[in-house]
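All residue numbers in this chain count up from 1 along the given sequence.
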Amino acid sequence: MDRVWYVAYGSNLALDRFTCYLAGGRPSGGARTYPGCRDHTAPTRIEGVEVDGGLLFAGESKVWGGGSAFFDPAAPRKVAGRAYLLTADQFGDVAAQEMWREPGGEFARKLAALLPEVVELHTMGPGRYETVVRLGEYDGFPMFTITHGSVADLEPVAPAASYLQWIVTGLREAHGWDDELVRRYLLSAPGVERWS
């Protein structure tokens with residue numbers, strides 16, 4: 001499996017923020033500098049997508065404060081995502097950074113090699129973003145995202161404004177949504193209690 005879609009649904013919806021995972025760097029408002037992937041090549045393609053599932057905010061983000069975005073594959077809704085066509089190794093490195101692991105390490109290599117076997121979901125460990133979910137295919141390439149293994153057990157927590165702003169930016173970039181569509185979409189996610 002050479003190329004895969006990484007489907008972002010949180011702050012990585014915004015291209016500038018996602019670029020920190022690829023090339024390294026610190027996103028505006030964030031408290032972490034990312035090392036980046038071993039291969040800094042830009043995605044081959046970038047597409048706005050909608051997938052079955054739900055968005056929720058929970059936990060405590062070490063980067064932003066407030067709740068982090070999680071994908072709930074069992075929710076009877078739609079998630080607005082942004083798909084980045086990457087190499088399997090880049091996907092492994094992105095996932096490793098999401099899980100606070102080193103890109104290029106044993107975990108990233110193991111995940112990249114495992115992708116062809118992931119039929120629905122596969123949990124790699126106990127962390128918050130250590131479950132890989134296969135979302136079907138788009139234009140002949142498999143789509144994957146990363147989330148928590150037990151989303152149903154998470155208590156909703158409001159996200160920080162700086163984090164939410166990256167998501168807003170990404171929704172506008174990927175889907176061309178106006179303020180009202182963005183507001184309605186985010187207010188439907190558990191954890192987002194108000195919109196200012």
Side-chain angles (χ1 to χ4, degrees), residues 3-37 39-51 53-59 61-73 78-101 103 108 111 115 127-135 138 141-148 151 159-177 182 185-186 189 191-192:
R3 298 267 171 190
V4 300
W5 294 103
Y6 162 61
V7 178
Y9 54 85
S11 62
N12 284 336
L13 283 161
L15 181 58
D16 281 351
R17 192 274 180 267
F18 180 63
T19 298
C20 294
Y21 278 97
L22 286 179
R26 183 176 179 169
S28 175
R32 180 181 177 199
T33 300
Y34 296 85
C37 295
D39 176 0
H40 294 177
T41 305
T44 306
R45 288 174 55 196
I46 302 172
E47 301 284 343
V49 296
E50 284 192 353
V51 295
L55 175 69
L56 72 138
F57 295 87
S61 172
K62 297 176 187 177
V63 177
W64 309 101
S68 297
F70 293 99
F71 174 75
D72 181 357
K78 291 283 187 184
V79 171
R82 194 171 203 181
Y84 298 96
L85 191 59
L86 307 174
T87 67
D89 285 339
Q90 283 178 310
F91 180 88
D93 285 351
V94 168
Q97 291 174 87
E98 281 275 25
M99 301 170 191
W100 290 77
R101 299 171 189 254
L111 177 56
L115 289 178
R128 296 182 318 149
Y129 285 109
E130 299 210 9
T131 296
V132 178
V133 182
R134 187 167 183 156
L135 302 170
Y138 183 77
F141 298 100
M143 298 189 299
F144 297 96
T145 197
I146 306 159
T147 191
H148 190 279
V151 176
S162 57
Y163 182 57
L164 207 55
Q165 189 55 52
W166 279 114
I167 297 172
V168 170
T169 298
L171 289 169
R172 289 176 179 151
E173 289 175 358
H175 296 277
W177 288 359
V182 168
Y185 174 73
L186 290 175
V192 180

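Side-chain contact between Phe71 and Leu55: absent, with no pair of heavy atoms (C-beta onward) separated by less than 4.5 Å. Within the 4.5 Å cutoff, no side-chain heavy atoms of Pro27 are placed close to those of Phe18. Thr147 places none of its side-chain heavy atoms less than 4.5 Å from the side chain of Asp72. You'll find the side chain of Pro103 stays beyond 4.5 Å of the side chain of Tyr21, heavy atoms only. No side-chain heavy atom of Leu15 sits less than 4.5 Å from a side-chain heavy atom of Thr169. Counting heavy atoms from C-beta on, the side chains of Leu13 and Glu173 never come closer than 4.5 Å. Side-chain contact between Glu47 and Met143 is absent, with no heavy atoms from C-beta onward closer than 4.5 Å. For the pair Arg26/Cys20, no side-chain contact is recorded, criterion being any heavy-atom separation below 4.5 Å from C-beta on.
Residue Gly29 comes nearest to Ser162 through the heavy atom pair O-OG, 3.9 Å, listed as atom of the first residue, atom of the second, then distance. For Pro43 against Leu22, the heavy-atom pair with the smallest separation is CD-CD1, 3.5 Å. The nearest pair of heavy atoms linking Phe70 to Tyr9 is C-CE1, 3.4 Å. What you find for Pro73 and Val133 is that their closest heavy atoms are CB-CG1, 4.5 Å. Nearest heavy-atom pair across Glu130 and Met99 is CA-CE, 3.5 Å.
Less than 6.0 angstrom separates the ring centroid of Trp177 from the ring centroid of Tyr185. Centroid-to-centroid, the aromatic rings of Tyr84 and Phe91 stay 6.0 Å apart or farther.
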**Study point:** Stepwise side chain to side chain contact (heavy atoms under 4.5 Å, CB included) check, Trp64 with Trp166
**Key:** CA-CA 11 Å; Trp64 309 101; Trp166 279 114; 3.3 Å; yes

Practice item. Decide side chain to side chain contact (heavy atoms under 4.5 Å, CB included) for Asn12 and Arg17; before the verdict, give the C-alpha distance in whole Å, the side-chain angles of both, and the deciding distance to 0.1 Å. Key: CA-CA 6 Å; Asn12 284 336; Arg17 192 274 180 267; 3.0 Å; yes

Exercise for review: Please step through side-chain hydrogen bond (donor to acceptor under 3.5 Å, both in side chains) for the pair Asp39 and Thr41, ending with a clear verdict.
Suggested key: CA-CA 6 Å; Asp39 176 0; Thr41 305; 2.4 Å; yes

Review point. Step by step, would you call Cys37 with Gln97 a side chain to side chain contact (heavy atoms under 4.5 Å, CB included)?
Key: CA-CA 9 Å; Cys37 295; Gln97 291 174 87; 4.1 Å; yes

Practice item. Run the numbers on Leu164 and Leu186 for side chain to side chain contact (heavy atoms under 4.5 Å, CB included), then give the verdict. Key: CA-CA 9 Å; Leu164 207 55; Leu186 290 175; 4.1 Å; yes

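Note: Tyr138 OH to Arg45 CZ = 6.0 Å, rounded to the nearest 0.5 Å. We find the CG-CZ distance between Asp93 and Arg101 to be 13.0 Å, quoted to the nearest 0.5 Å. Distance check: Ser68 OG to Lys62 NZ gives 10.0 Å after rounding to the nearest 0.5 Å. To the nearest 0.5 Å, atom CD of residue Gln90 and atom NE2 of residue His40 are 9.5 Å apart. With rounding to the nearest 0.5 Å, the separation of CG in Asp16 from OG in Ser11 is 12.0 Å.
Each of Val63, Val94, Thr19 was compared with Tyr34 under the side-chain contact (heavy atoms from CB on, under 4.5 Å) criterion, and only Val63 meets it.
Put simply, the side chain of His175 gets close to the backbone of Gly81: a donor and an acceptor are under 3.5 Å apart. Between the Thr145 side chain and the Val7 main chain, a donor and an acceptor come within less than 3.5 Å of each other. Using modelled atom types, no side-chain atom of Tyr6 and backbone atom of Ile146 make a donor-acceptor pair closer than 3.5 Å.
Relative to the ring axis of Trp5, Arg82 does not place its NZ or CZ within 45° and under 6.0 Å from the centre.
Side chains of Thr44 and Arg3: a donor-acceptor N/O pair is present below 3.5 angstrom, by distance only.
Classification of the Tyr163-Phe57 ring pair by plane angle, with boundaries at 30° and 60°, yields perpendicular.
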